[in-house]
Q: 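There's a structure below that I have some questions on.
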Amino acid sequence: LLLASCARPSQPTQPSETPKPTQPEPTATESVSLPEQTDTGRMRVTFINPGISDPNDPTGGFWLSVSAFMEAAAEDLEIDLEVIYSERDHILMMQQAEEVVSRENLPDYLIVVNEKLAADVMVQAADAAGLKVFLLLNTFTDEQMDEMGEPREKHPNWIGSVIPNNQAAGYEIARAVIESALDANMLAEDGQLHIVAIAGDASTPASVQRLDGLNQILSEYPNVQLDQGFYGEWSREKSKEQMRAKSGISRSVCRSSIF
């Protein structure tokens, strides 16, 4: 989600640049099928990554970073890791899950993400195949939980989830952007700080929860006005187009954050 606070200052100013720590560029992992037979005795894990495998893609490198951390952990723990990229296509993602659970030689664990609310189908397929499955980053919505139950309850091979507090993340990042803009006295003539929000999509839980955090912080700042909200579909280029379409944004001094 991209959040920008914008105003026309009385005198031209230049936004300060915050140095970013140097990090190694993540490298896209090729999807290579595991051998049908293995005698290494190592744990085998398959991760269906919903992101784009091309590191130059404008959607950004978040999911490549997830794979990079996972690969480092797998190396440390002597785990055979397979990463399959769905290229931001949730239909392909479900097909890939079906291919994995249909293998004669199953991995020990399957890791999936509830991108576009597609994880229930993948968890059900893995459970039916006797394959242990784990949810990462986006868990089930309340409506999905009514059907799926808790881990190991209705589906014994769904063994759990690791989920960040996305609402708190949305709250804290929005607060930082708002405070930075207020410190820079970026109020409009009406005395309000005007902001624009660009979220990922309307259904993925992480995107919805981060917007909940934004709405929570807005209730605490009566002098902050959310002018418009857009869905960028996880694309930097589409988000930039949305921002340019907002009248005056390109000519304003902005404080922004992507999350």
Side-chain angles (χ1 to χ4, degrees), residues 1 26 29 31 34 43-53 59-74 77 79-103 106-170 199-213 234 259:
L1 186 152
T29 304
S31 171
L34 293 172
M43 181 188 299
R44 296 180 301 130
V45 176
T46 295
F47 171 41
I48 300 181
N49 186 320
I52 301 290
S53 60
T59 58
F62 172 77
W63 284 110
L64 289 175
S65 298
V66 173
S67 292
F69 275 100
M70 196 175 292
E71 288 165 353
L77 299 172
I79 294 172
D80 289 333
L81 174 67
E82 174 190 25
V83 178
I84 303 174
Y85 286 92
S86 301
E87 311 297 342
R88 286 290 183 191
D89 183 340
H90 66 287
I91 303 299
L92 174 61
M93 182 173 67
M94 290 187 288
Q95 294 171 345
Q96 291 166 334
E98 185 62 36
E99 185 277 322
V100 171
V101 304
S102 299
R103 294 175 182 174
L106 294 173
D108 297 302
Y109 296 93
L110 174 65
I111 300 175
V112 298
V113 179
N114 196 24
E115 188 86 353
K116 297 286 188 179
L117 306 184
D120 51 358
V121 174
M122 296 187 287
V123 167
Q124 290 167 346
D127 182 66
L131 172 57
K132 290 180 174 58
V133 59
F134 197 84
L135 282 181
L136 179 67
L137 292 178
N138 287 299
T139 190
F140 292 127
T141 63
D142 291 340
E143 293 77 9
Q144 288 177 306
M145 288 293 289
D146 289 340
E147 178 184 353
M148 300 297 293
E150 296 292 335
R152 306 176 190 265
E153 185 180 38
K154 296 181 180 179
H155 304 283
N157 289 301
W158 171 32
I159 59 175
S161 308
V162 171
I163 311 299
N165 191 332
N166 288 301
Q167 181 169 339
D201 62 53
S203 58
T204 299
S207 179
V208 174
Q209 292 159 7
R210 290 169 191 168
L211 282 178
D212 289 342
W234 311 108
F259 64 110

Q: Please enumerate all residues that pass side-chain hydrogen bond (donor to acceptor under 3.5 Å, both in side chains) together with E153, with sequence neighbours excluded.
A: none
Q: Is a side-chain donor or acceptor of Q96 paired with a backbone partner of Y85 at a separation under 3.5 angstrom?
A: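 The answer is yes, because a donor-acceptor pair under 3.5 Å joins these two groups.
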Q: Can a donor-acceptor pair be found, under 3.5 Å and without considering hydrogens, that links the side chain of D108 to the backbone of R44?
A: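 At least one qualifying donor-acceptor pair exists.
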Q: Check side-chain contact (heavy atoms from CB on, under 4.5 Å) between V208 and all other residues, then give those that pass, not counting sequence neighbours.
A: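 For V208, the residues satisfying side-chain contact (heavy atoms from CB on, under 4.5 Å) (neighbours in sequence not counted) are D212.
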Q: Which heavy atom of H155 sits nearest to which heavy atom of Q124, and what is that distance?
A: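 Closest pair (atom of H155, atom of Q124, distance): CE1-CG, 3.8 Å.
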Q: Suppose we screen for ring pair (Phe, Tyr, Trp, His ring centres under 6.0 Å). Which residues come up paired with F140, at least two apart in sequence or across chains?
A: W158
Q: Decide, yes or no, whether a salt bridge links K154 with E147 under the criterion of side-chain N to carboxylate O below 4.0 Å.
A: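 Salt bridge between K154 and E147, a charged N being under 4.0 Å from a carboxylate O: no.
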Q: Suppose we screen for side-chain contact (heavy atoms from CB on, under 4.5 Å). Which residues come up paired with A97, at least two apart in sequence or across chains?
A: I48, M122
Q: With sequence neighbours excluded, what pairs up with I79 under the side-chain contact (heavy atoms from CB on, under 4.5 Å) test?
A: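 Counting only residues at least two positions away or on another chain, I79 forms a side-chain contact (heavy atoms from CB on, under 4.5 Å) with M43, V45, A74, L77.
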Q: How far does CD of E150 sit from CE of M145, to the nearest 0.5 angstrom?
A: 3.5 Å
Q: Please, which pairs that meet ring-ring contact (aromatic ring centres under 6.0 Å, His included) have at least one residue in residues 110-129, sequence neighbours excluded?
A: none
Q: Using the test side-chain hydrogen bond (donor to acceptor under 3.5 Å, both in side chains), find all partners of K116 that sit at least two apart in sequence or belong to another chain.
A: E233
Q: First locate atom CD1 of I111, then atom CD of E82, and finally report the distance between them rounded to the nearest 0.5 Å.
A: 11.5 Å
Q: Go through the structure and list residues passing side-chain hydrogen bond (donor to acceptor under 3.5 Å, both in side chains) with E87, not counting sequence neighbours.
A: S53
Q: Donor-acceptor pair, distance only, cut-off 3.5 Å: does the side chain of E98 make one with the backbone of A125?
A: no
Q: Going by side-chain contact (heavy atoms from CB on, under 4.5 Å), name the residues that satisfy it together with P164, two or more places apart in sequence or in a different chain.
A: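 Expected list: L137, N166.
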Q: Can you name the nearest heavy-atom pair linking L131 to L106, along with the distance?
A: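 Heavy atoms only, the tightest pair is CB-CD1, 4.3 Å.
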Q: So if I apply the side chain to side chain contact (heavy atoms under 4.5 Å, CB included) rule between L135 and each of V113, V123, V162, I159, which one comes out positive?
A: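 Checked V113, V123, V162, I159 against L135; only one passes side chain to side chain contact (heavy atoms under 4.5 Å, CB included): V123.
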Q: Would you check if the side chain of N157 reaches a backbone N or O of D127 as a donor-acceptor pair within less than 3.5 Å?
A: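 Between the backbone of D127 and the side chain of N157 there is a qualifying donor-acceptor contact (under 3.5 Å).
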